[in-house]
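Sharing a structure with you now.
By convention in this document, chain letters (A, B, ...) are assigned in the order of the sequence lines, proteins followed by strands, and residues within each chain are numbered from 1.
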Amino acid sequence: MTAFKSDFLRVLDERGLIHQVADPEGLDALCRTGVQTAYVGYDATATSIHIGNLITVTLLYWFQETGHRPITLMGGGTSMVGDPSFRDDQRKLLSVEEIATNIESIKRVFGRILRYGDGPTDALMVNNADWLLKLNYVEFLRYVGRHFSVNRMLSFDSVKLRLDRDQSLSFLEFNYMIMQGYDFVELNRRYGCSLQMGGSDQWGNIINGVDLSHRMGGPQLYAVTTPLLTTASGQKMGKTANGAVWLNGDLFSPYDFWQYFRNTEDADVGRFLKVFTRLPLGEIARLEALGGAEINEAKKVLATEITAIVHGREAAEAAAETARKTFEEGSLATDLPSVSMTRTEFEAGLGVLTAFVKAGLLPSTGEARRQVKAGGLRVNDVLVSDERAVLGSADLTSDGAVKLSFGKKKHVLLRPE
RNA sequence: GGGGGAAUGUCCCGAGCGGCAAAGGGGGCGGACUGUAAAUCCGCUGGCUAUGCCUUCGCAGGUUCGAGUCCUGCUUCCCCCA
């Protein structure tokens, strides 16, 4: 692949954001002929998007940054079907209400990353329920369905897994790729959108839209996918003990988010800086080159920059400061995540095990008991050795709280009030 | 419609002569070592008012002192035939 001439593709390429491109020369040329429109679709399968989705939002960010108009497409219609791509089982069907609440909740993140409005390069928020839900079945089949070859659809890698394993692929799910293909054509028609982007798992679905446009006599459409992000040791990104790394603060706090990236493996630092942050490449090269323990400085920059993008600069700085006090100074950071409880409840005598469960650090007293044996619990930085110990006023620090620590990294302040 | 197979510890995969809180992995968590890293090693990986009690093997019944295991019905999924 030769060097791109358009600002947009050049930035993506330099930052390692490109996995595949359909018609790279054509797209490169198009991006140099004025304001273009591109979209990424987001399914409403949860109340938040997660770290894996953040990369595609980043694509839209750079798209807007280089002078174009991004569209975030909410899958209000497609979520009623469920994308079967690379899944080995059928998704649970979501109710209309669930989809609606999910969309409302998901929307909140985008506003921080993209600039929405009415200007020529302002982002648009669109919902495919607007056109998919009122389609007439037979009409749709004759108009769109005839352009799809089942033979070809069966050959896509995204569904092969299911078929090869002799697992059923319902007709409902099979229609997902047709709907997504149609979305692309419809967005082109409504907004002149000529580029669809997404994760590498979406390649097949996106190409379906490109083909459909051809077959229906529409314009040339383009596709860009990003690589699937894995850690250097081969794990998929974004999984923690408590589930996915969500972007909504109510599901995954800014502090935890910061910590997640602070704990990046050495080998991933440079790559993640390029992919997620907006720092200049020169600066990234400098940070990446830090050796040994010094690379921790780069990890802090990485954590703060990404957190700032998702939760705002202020929240990011706060998380960094809390971490600094806790880990470097060893002092009691008063803004650690805290859990409050009533004074009477506290003074009635609170067992250590129960305290950790109440603080949300552990799921059960049984687990707490095990952690005491394993030496993983601390109260005010003192190792808990007796599982029958009871907390009392004597354990309150001058700040009026008890610091509970699970392992070396998870700390919570318990405040009787 | 007919025939055959499957469902196990609420993360996943997977053993399981009628005595089972149920083998073994993976993943995850904790500990040691480090740099809040990786690799490695060790431990843990149903719940609780805890020398005991309660709930788990698709669902509902039954046989039995005792059922994940045997019987009956049901549900879901898969395969083959029509």
Side-chain angles (χ1 to χ4, degrees), chain A residues 84 86-93 161-173 230-245 255-273 287-304 307 319-331 333 336-337 345 348-358 360-378 381 383-390 404-411:
Chain A
F86 299 100
R87 292 181 63 90
D88 58 3
D89 58 348
Q90 180 166 359
R91 286 174 192 274
K92 197 181 71 139
L93 276 185
L161 187 79
R162 286 278 269 284
L163 301 174
D164 289 350
R165 286 211 201 163
D166 288 339
Q167 284 162 327
S168 100
L169 175 71
S170 71
F171 184 66
L172 174 81
E173 298 171 277
T230 53
T231 66
S233 37
Q235 300 297 314
K236 260 187 223 160
M237 265 207 80
K239 296 184 81 178
T240 70
N242 303 323
V245 176
Y255 175 77
D256 287 334
F257 191 85
W258 193 92
Q259 283 297 327
Y260 179 80
F261 283 99
R262 173 64 245 276
N263 287 301
T264 297
E265 293 177 31
D266 289 6
D268 290 325
V269 174
R271 196 159 50 101
F272 286 2
L273 279 168
L287 290 168
E288 192 177 6
L290 294 174
E294 288 192 347
I295 196 147
N296 282 327
E297 289 312 309
K299 291 184 189 179
K300 288 178 208 165
V301 173
L302 172 69
T304 303
T307 308
E321 178 57 15
T322 301
R324 193 186 65 76
K325 280 188 193 154
T326 308
F327 290 100
E328 293 177 27
E329 224 169 71
S331 69
L336 274 173
E345 193 183 359
L350 184 64
V352 247
L353 303 180
T354 317
F356 275 88
V357 175
K358 274 226 179 332
L361 284 169
L362 295 169
S364 67
T365 57
E367 177 64 20
R369 209 174 296 273
R370 278 176 225 121
Q371 290 303 339
V372 169
K373 286 201 190 87
L377 301 186
R378 279 163 202 275
D381 299 317
L383 193 66
V384 177
S385 53
D386 177 14
E387 59 183 50
R388 290 166 179 277
V390 175
L404 303 179
S405 309
F406 171 39
K408 287 180 189 132
K409 299 178 188 174
K410 291 177 281 281
H411 311 279

Report task. Could you check whether A:Lys410 gets within reach of a base, just the sugar-phosphate, or nothing at all, counting any heavy atom under 4.0 Å? Result -> sugar-phosphate
Query raised in the report: What residues form a salt bridge (charged side-chain N to carboxylate O under 4.0 Å, His left out) with A:Lys300, not counting sequence neighbours?
Result: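 Only A:Glu297, A:Glu328 meet the salt bridge (charged side-chain N to carboxylate O under 4.0 Å, His left out) criterion with A:Lys300.
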Report task. Please work out if A:Ile295 contacts a base, only the sugar-phosphate, or nothing of the nucleic acid, heavy-atom cut-off 4.0 Å. Result -> base
Report task. Answer yes or no: side-chain N or O of A:Glu328 and base N or O of B:U36 forming a donor-acceptor pair under 3.5 Å. Result -> no
Query raised in the report: So what's B:G1 paired with, Watson-Crick or G-U wobble, going by both distances under 3.5 Å?
Result: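 Base-paired to B:C81.
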Report task. Would you mind reading off the distance between A:Arg369 atom CZ and B:C44 atom C1', rounded to a whole angstrom? Result ->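 After rounding, the gap between these two atoms is 14 Å.
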Requested in this report: Using the P atoms only, state how far B:G58 lies from B:C53, rounded to an integer number of Å.
Outcome: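 These two P atoms come out 26 Å apart once rounded.
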**Report entry** Gap in Å between the two C1' atoms, one belonging to B:C29 and one to B:G46, rounded
**Finding:**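 Pairwise C1' distance, B:C29 against B:G46, rounds to 16 Å.
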Query raised in the report: How would you label the contact of A:Lys299 with the nucleic acid (heavy atoms, under 4.0 Å): base, sugar-phosphate, or nothing?
Result: base
Query raised in the report: Are any of the side-chain heavy atoms of A:Asp266 and A:Lys299 separated by less than 4.5 Å?
Result: yes
Query - Interatomic spacing from OG1 in A:Thr307 to CZ in A:Arg262 - rounded to 0.5 Å - result: 12.0 Å
Query - Under 3.5 Å on both distances, the Watson-Crick or G-U partner of B:A6 - result: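 Base partner found: B:U76.
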Query - Touch class at under 4.0 angstrom, heavy-atom based, for A:Arg262 against every strand present - result: base
Query raised in the report: Base, sugar-phosphate, or nothing: which does A:Glu294 touch, judged by heavy atoms less than 4.0 Å apart?
Result: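 No contact.
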**Report entry** Comparing A:Arg388 and A:Asp266 on RNA chain B - which has the more 5′ nearest nucleotide
**Finding:** A:Asp266
Query raised in the report: With respect to the phosphate group of B:G47, does any side-chain polar atom (N or O) of A:Thr365 fall under 4.0 Å of OP1 or OP2?
Result: no
